[in-house]
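Note sheet for the following structure.
If you're wondering where the values come from, they're calculated on a predicted model, not measured in any experiment.
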Amino acid sequence: MGNSDYKYKEATTTDLELRWNKNIADNIGDNRWVDWKAQSIEDNKNGKCKTFVVLCGDEPIGEGTLIFSPQYTEVNALRIDKQYEGKGHISKLVKVMEQYAKDNGHTSLVIGVEEKEIRNHSIYLHWGYDTLIESKISDIEEEGLLLYYSKKL
């Protein structure tokens with residue numbers, strides 16, 4: 001597929017349904033994904049977050065979410081189907097998310113990374129998320145120490 005076959009945009013409710021159904025299918029037996037789907041769709045409807053997708057044709061193959069809180073706006077849940085990894089799709093999606101945030105009055109964004117995720121850490125630094133603002137132990141046992149970095153828009 002050529003680059004013109006991919007789109008990077010705000011998710012519709014249909015995009016969210018399709019993407020979450022895939023996430024659930026990829027994580028059979030982990031019922032947290034069913035709960036996260038319901039919460040994500042509700043949070044998108046009530047303005048607590050805004051999810052964006054990478055489309056290949058009409059199929060959502062990747063996603064990212066901006067979470068709006070009084071403390072900061074966070075880039076969260078960056079995921080792409082395995083066969084599309086390493087092709088720059090998430091980088092392009094993050095640029096769309098950053099532009100949306102900037103167009104809507106946000107002056108900075110925050111991204112979190114598990115301390116052990118060296119590859120993701122270096123990618124986020126490359127994107128300009130280079131000011132450490134917080135570190136904390138995750139509520140999710142397998143995640144360990146989380147580091148939060150900010151970027152001015």
### Message
Could you walk me through whether Glu63 and Val54 satisfy the side-chain contact (heavy atoms from CB on, under 4.5 Å) test, starting with their C-alpha distance in whole Å, then the side-chain angles of each, then the deciding distance to 0.1 Å, before giving a yes or no?
### Response
CA-CA 6 Å; Glu63 70 197 88; Val54 178; over 6 Å; no
### Query
Using a distance-only test with no angle check, is there a side-chain donor-acceptor pair under 3.5 angstrom linking Ser150 and Ser108?
no
### Task
With sequence neighbours left out, write down each residue that passes side-chain contact (heavy atoms from CB on, under 4.5 Å) with Ser122, or none if nothing qualifies.
none
### Residues Asn44 and Thr51: side-chain donor-acceptor under 3.5 angstrom
yes
### Query
How close do Gly64 and Leu93 get, heavy atom to heavy atom, and via which atoms?
N-CD2, 3.6 Å
### Message
Go through it in stages, so that I can follow the logic: the residues are Asn23 and Asn21, the test is side-chain contact (heavy atoms from CB on, under 4.5 Å), and I'd like the CA-CA distance, side-chain angles, deciding distance and then a yes or no.
### Response
CA-CA 5 Å; Asn23 288 334; Asn21 289 345; over 6 Å; no
### Query
Would you call the rings of Tyr100 and Phe52 parallel, tilted or perpendicular if under 30° counts as parallel and over 60° as perpendicular?
perpendicular
#### Entry: side-chain contact (heavy atoms from CB on, under 4.5 Å) between Phe68 and Lys50, intermediate numbers included
CA-CA 8 Å; Phe68 309 114; Lys50 174 70 74 177; 3.9 Å; yes
### Heavy-atom pair of closest approach, residues Leu147 and His121
CD1-CE1, 3.9 Å
### Query
For the atom pair CD1 (Ile111) and CG (Asn76), what is the distance rounded to the nearest 0.5 Å?
8.5 Å
### Message
Apply side-chain contact (heavy atoms from CB on, under 4.5 Å) to residues Leu145 and Ile137 and explain how you reach the verdict.
### Response
CA-CA 5 Å; Leu145 182 65; Ile137 302 295; 4.0 Å; yes
### Task
Nearest 0.5 Å please: distance from the CG atom of Leu66 over to the CG atom of Asn104.
9.5 Å
### Query
Do Gln39 and Asp35 have side-chain N/O donor and acceptor atoms under 3.5 Å apart?
no
### Message
Looking at every non-hydrogen atom in both residues, tell me the closest pair between Met97 and Val75 and how far apart they are.
### Response
CE-CG1, 4.0 Å
### Message
Please check if the number of heavy atoms outside Arg32 that lie under 6.0 Å from its CZ is greater than 12.
### Response
yes
### Message
If the condition is salt bridge (Lys or Arg N to Asp or Glu O under 4.0 Å), which residues does Glu74 pass it with, not counting sequence neighbours?
### Response
none
### Residues in side-chain contact (heavy atoms from CB on, under 4.5 Å) contact with Lys9, at least two apart in sequence or another chain
Thr12, Asp15, Val53, Leu55
### Heavy-atom pair with the smallest gap, counting every atom of Ser40 and Cys49
O-SG, 4.2 Å
### Task
Indicate yes or no: does Arg19 engage Asp81 in a salt bridge with an N to O separation below 4.0 Å.
yes
### Message
For Trp20, does the six-membered ring have the charged nitrogen or CZ of Arg79 within the cation-pi criterion, i.e. under 6.0 angstrom from the centroid and within 45° of the normal?
### Response
yes
#### Entry: Modelled atom types, side-chain donor and acceptor of Glu114 and Asn120, under 3.5 Å
no
Donor-acceptor contacts, no H, no angles, side chain residues 123-136, under 3.5 Å, sequence neighbours left out:
residue, atom, partner, partner atom, Å
Trp127, NE1, Ser91, OG, 3.2
Tyr129, OH, Glu98, OE2, 2.8
Glu134, OE1, Tyr72, OH, 3.2

### Query
In terms of hydrophobic clusters joined by side-chain contacts under 4.5 Å, are Leu109 and Leu146 together?
no
### Message
Restricting to side-chain contact (heavy atoms from CB on, under 4.5 Å), what partner residues turn up for Ile41, sequence neighbours left out?
### Response
Leu16, Glu17, Lys37, Lys45
### Task
Quick one: pull up SG in Cys56 and CD1 in Ile61 and give me the separation to the nearest 0.5 Å.
5.0 Å
### Task
Over 60° means perpendicular and under 30° means parallel, so classify the ring planes of Tyr84 and His89, tilted if in between.
perpendicular
### Task
Kindly say whether Lys48 contributes a backbone atom to a donor-acceptor pair with the side chain of Asn46 at under 3.5 angstrom?
yes
### Query
How many angstroms lie between atom NZ of Lys102 and atom NZ of Lys95, to the nearest 0.5 angstrom?
13.0 Å
### Task
For Asp43, check salt bridge (Lys or Arg N to Asp or Glu O under 4.0 Å) against everything at least two apart and list the hits.
none
